[in-house]
Amino acid sequence: QLQPVESGGGLVQPGGSLRLSCAASKLISDYVTVGWFRQAPGKGREGVACITFEGGVSDYATSVKGRFTISRDNAKNMVYLQMNSLKAEDTAVYYCAGASYSNHQFCEIREGAYYKWGQGTQVTVSS
């Protein structure tokens, strides 16, 4: 199985920043659309952001708009999630997920739309 591999998680103080990375072989062909999801203890998995192949279309959960930025570098098979102004409620395991669709404008942060998932990376925001 070809799965994304997340990295960059860790402990950060409120108001701080982290950049998560998602690496995957055959990113261009397998993960035309890439999304970031997160799951906090006792909560379900929620969508955070998504980005299309060209990077021209992206979407964000209301809770992270204006604070998080998703981007990708297809040449490096990498997708990033820049997280700024972090809050305690951002604490969660963050997952990178991919999907391939003929519609390169597809960008939805719905769990069911993705079929390749990484193992996750822990982000803890605490003072």
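Bear in mind that the values here come from a model prediction, so they are computed numbers and not experimental data.
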Ignoring hydrogens and angles, tell me if any N or O in the side chain of [X] forms a donor-acceptor pair with the backbone of [Y] under 3.5 Å.
{"X": "T91", "Y": "V125", "value": "yes"}
{"X": "T121", "Y": "S7", "value": "no"}
{"X": "Y101", "Y": "A113", "value": "yes"}
{"X": "R72", "Y": "T52", "value": "yes"}
{"X": "R38", "Y": "A92", "value": "no"}

field: Worked check of side-chain contact (heavy atoms from CB on, under 4.5 Å) between E6 and C96
entry: CA-CA 6 Å; E6 303 93 339; C96 178; 3.7 Å; yes

So with a 6.0 Å cut-off around CD of E108, is the heavy-atom count from everything else above 12?
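Buried by this count: over 12 neighbours within 6.0 Å.
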
### Task
Inspect the surroundings of CD in Q122 and state if more than 12 heavy atoms from other residues, nucleotides or ligands are less than 6.0 Å away.
yes

Taking a hydrophobic cluster as the set of Ile, Leu, Val, Met, Phe, Trp and Tyr residues connected by side-chain heavy atoms closer than 4.5 Å, whether directly or through intermediates, do [X] and [Y] fall within one such cluster?
{"X": "L81", "Y": "L18", "value": "yes"}
{"X": "I109", "Y": "V79", "value": "no"}
{"X": "F68", "Y": "W36", "value": "yes"}

task: Indicate, with yes or no, if the rings of Y95 and F37 have centres closer together than 6.0 Å.
output: no

Might you point out which heavy atoms bring [X] and [Y] nearest each other, and give the distance in Å?
{"X": "P14", "Y": "S127", "value": "CD-N, 3.6 Å"}
{"X": "C107", "Y": "D59", "value": "SG-N, 3.8 Å"}
{"X": "Y94", "Y": "M83", "value": "CE2-SD, 3.8 Å"}

Rounded to the nearest 0.5 Å, what separates atom [atom1] in [X] from atom [atom2] in [Y]?
{"X": "S17", "Y": "N84", "atom1": "OG", "atom2": "CG", "value": "3.5 Å"}
{"X": "Q82", "Y": "S21", "atom1": "CD", "atom2": "OG", "value": "9.5 Å"}
{"X": "F53", "Y": "S100", "atom1": "CZ", "atom2": "OG", "value": "10.0 Å"}

| query | Which of parallel (below 30°), tilted (30 to 60°) and perpendicular (above 60°) describes Y114 and F106? | reply | tilted

Query raised in the report: Between R19 and Y80, does any side-chain donor sit less than 3.5 Å from a side-chain acceptor?
Result: no

Using side-chain heavy atoms (C-beta onward) and a distance below 4.5 Å, is L20 in contact with V123? yes

Test log, rule side-chain contact (heavy atoms from CB on, under 4.5 Å), inputs Q39 and E46: CA-CA 6 Å; Q39 186 169 18; E46 64 173 338; over 6 Å; no

